[in-house]
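Just below is one structure, and these are the notes that go with it.
Residue numbers start from 1 in every chain, and the chains themselves are labelled A, B, ... in the order their sequence lines are given, proteins ahead of strands. Both backbone and side-chain heavy atoms feed into the values below; hydrogens, waters and symmetry mates do not.
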Protein chains: 2
Amino acid sequence: MTDTGEGAYPERKRGSGVKVVYEMLRDEILDLKLPPGSPIDEVHLAERFGMSRTPIREALVRLAGEGLVETLPNRSAMVSNIDVLNLHTFYDAITLMYRVTTRLAAQYHRPADLSRIRGLQQMYAAAAAAQDALAMVAVNRDLHAAIAEAGRNPYFTTLTLRLLDEGRRILRLYYQSFDDRLPKQYVDEHEAMIAAIAARDIDLCDRLARAHADQIVRQIQQLFARDERQEIAL
Amino acid sequence: MTDTGEGAYPERKRGSGVKVVYEMLRDEILDLKLPPGSPIDEVHLAERFGMSRTPIREALVRLAGEGLVETLPNRSAMVSNIDVLNLHTFYDAITLMYRVTTRLAAQYHRPADLSRIRGLQQMYAAAAAAQDALAMVAVNRDLHAAIAEAGRNPYFTTLTLRLLDEGRRILRLYYQSFDDRLPKQYVDEHEAMIAAIAARDIDLCDRLARAHADQIVRQIQQLFARDERQEIAL
DNA sequence: TGCATTTTATTTGTCGACAAGAAATCGACA
DNA sequence: TGTCGATTTCTTGTCGACAAATAAAATGCA
């Protein structure tokens, strides 16, 4: 196997090692560069990042805490599987979190929040104009994360972030193989939600967030259904 | 300092060390034996548990992932503070999770779930009859955890568990100093909720769970208000 | 005495090494 | 040839040690 592109890490500041490994592994897991179920070898990673196993191990423990990797005693850790059978629990959770965080954003947002949200929405519109589905997925995550932050409830924010990451992984599962186009309609839905947040219209936020979530769930289900048909067609 | 009661751990199975430390520290944090803000020294813990710093460290990383300890770079970790100023975010979150998990329990529970829930409810009633407030807090946590499990949505279950633990810590903050009596009314509320779950009456579950959560929030607020008056009275 | 600076001490972050446990390989035997 | 058991290999879990970073103490100076 050729070098996977890490190169050399000649000098690191003390304490930065874990962060580097954690973020790198996290990105690779969410982008499916590390496919679900693939084993994670500590010594291999240690060689790759040019450090000892200790910081690698700490990064893995953190990732396990977020449910991105699973560990069995005395055996290799592995990237968590995507549980397609229980996707409905994901739908339920993301729908509720979209609603709650958007409502709270309407209540508690401050001017700085709105400008950040609007900046992300512009990036989202740009990605949609460029028909870049993967960029849309990534920016969509950051946009809803910003909305959740504006709601200022750390419990909901944490869960929402986890769900958004899991969603990024699920969507990636399809977009990498089918190279789809996300409907531009999402841009308008985001616009409406942001306007409702700015107007502090809580009920409207709730309705829009629910519709938005339903839309995304339907999209995933369509992809999933088509995927199943393809499998049968094979 | 006298021995804090750990004694000797002469032989451990490989891999069990982290679990022991994690659970012990977790309990001590939730019981406020380790008060919020107190520093956590790794070598001290290593001596106390009779093992090296490595498994201690892993346990601390896990606890940090759950928000029970906070770590600053190159400095001692410390037990997380209870953010009394943002308690309303806790109220919001626990109320919503009570409602959601109870609703889902009504939908998805199986016979085994119900018997487990009813067993815990009996323990709760016993604790109430004995006027043992701390036991009531502990069993209340397990009871709602069982209800959440019956709802079979791991995302909601995880958040609910985190909130229940945080609540155990908040309640302990008061019950340890005032030695209060929890109203027996909670027993009846639990009975009603369980009956609604068994009857699969989702709307009723929602209303009961909301009322139950409001009741508990009011209780905490009362304790908090009285605490403030006492401080002023001093 | 009060403040700035150097020195010491304490505590964490990282490392390399070793042993325990599990998987893989090999071999004996029916 | 297939199966069971022993052996080897491979990976993790734990350890003790060292260095970096910070906090605390001591020193010097005005």
Side-chain angles (χ1 to χ4, degrees), chain A residues 1 4 6-26 28-29 34-35 37-65 67-80, chain B residues 1 4 6-26 28-29 34-35 37-65 67-80:
Chain A
M1 188 184 83
T4 48
E6 300 316 319
Y9 290 99
E11 291 193 23
R12 277 175 299 115
K13 278 170 228 152
R14 175 190 170 87
S16 68
V18 179
K19 201 177 168 224
V20 170
V21 177
Y22 167 79
E23 291 177 353
M24 182 80 74
L25 282 182
R26 192 166 168 284
E28 292 186 356
I29 291 173
L34 289 177
S38 59
I40 303 177
D41 182 24
E42 294 178 4
V43 294
H44 188 73
L45 285 175
E47 288 171 9
R48 179 181 149 194
F49 285 97
M51 58 183 75
S52 93
R53 277 174 49 221
T54 308
I56 307 282
R57 206 148 217 291
E58 181 172 332
L60 288 180
V61 171
R62 280 217 251 165
L63 289 168
L68 291 178
V69 313
E70 288 168 7
T71 76
L72 293 101
N74 290 317
R75 223 155 318 153
S76 281
M78 66 177 214
V79 180
S80 296
Chain B
M1 187 186 80
T4 47
E6 299 318 317
Y9 291 99
E11 291 194 22
R12 277 175 299 114
K13 277 170 228 150
R14 175 189 171 86
S16 67
V18 179
K19 199 174 170 229
V20 171
V21 178
Y22 168 78
E23 290 177 355
M24 181 78 74
L25 283 181
R26 191 166 169 285
E28 292 185 357
I29 292 173
L34 288 176
S38 60
I40 302 176
D41 183 20
E42 293 178 5
V43 294
H44 188 72
L45 286 175
E47 288 171 9
R48 181 180 148 196
F49 286 97
M51 58 184 75
S52 93
R53 278 174 50 219
T54 309
I56 307 284
R57 210 149 215 292
E58 181 171 332
L60 289 180
V61 171
R62 278 216 251 166
L63 290 167
L68 290 178
V69 313
E70 289 168 7
T71 76
L72 293 101
N74 292 314
R75 223 157 316 156
S76 281
M78 66 179 216
V79 180
S80 297

Integer-rounded Å distance: D:dT14 P and B:Phe49 CZ
14 Å

Separation of atom CD1 in B:Ile56 from atom C1' in C:dT11, rounded to whole Å
15 Å

Atom-pair distance (CE on B:Met78; P on C:dT11), nearest Å:
17 Å

Determine, for nucleotides 15-22 of chain C in 5'-to-3' order, which nucleotides have protein heavy atoms under 4.0 Å from the base (write B), from only the sugar-phosphate (write S), or from neither (write -).
B-B-BBSS

When B:Arg53 is tested against each of B:Glu42, B:Glu47, B:Glu58 for side-chain hydrogen bond (donor to acceptor under 3.5 Å, both in side chains), which residue passes?
B:Glu42

Between NZ of B:Lys19 and C1' of D:dT14 the distance, given in whole Å, is 18 Å

Could you state the interatomic distance from CZ (B:Arg75) to CD (B:Glu70), rounded to the nearest 0.5 Å?
12.5 Å

Between CG of A:Leu60 and P of D:dT11 the distance, given in whole Å, is 15 Å

Taking any heavy-atom pair under 4.0 Å as a contact, classify A:Val43: base, sugar-phosphate, or nothing.
base

Rounded to the nearest 0.5 Å, how far does CE of A:Met51 lie from CD1 of A:Ile56?
5.5 Å

Base, sugar-phosphate or nothing for B:Ile40? Non-hydrogen atoms, less than 4.0 Å.
sugar-phosphate

To the nearest 0.5 Å, tell me how far B:Leu68 CG sits from B:Glu28 CD.
12.5 Å

Measuring only between side-chain heavy atoms, which start at C-beta, is B:Leu45 closer than 4.5 Å to B:Arg48?
yes

With a 4.5 Å heavy-atom cut-off, do B:Ile40 and B:Leu60 have their side chains touching?
yes

Rounded to whole Å, CD of B:Glu47 lies from P of C:dT12 at a distance of 12 Å

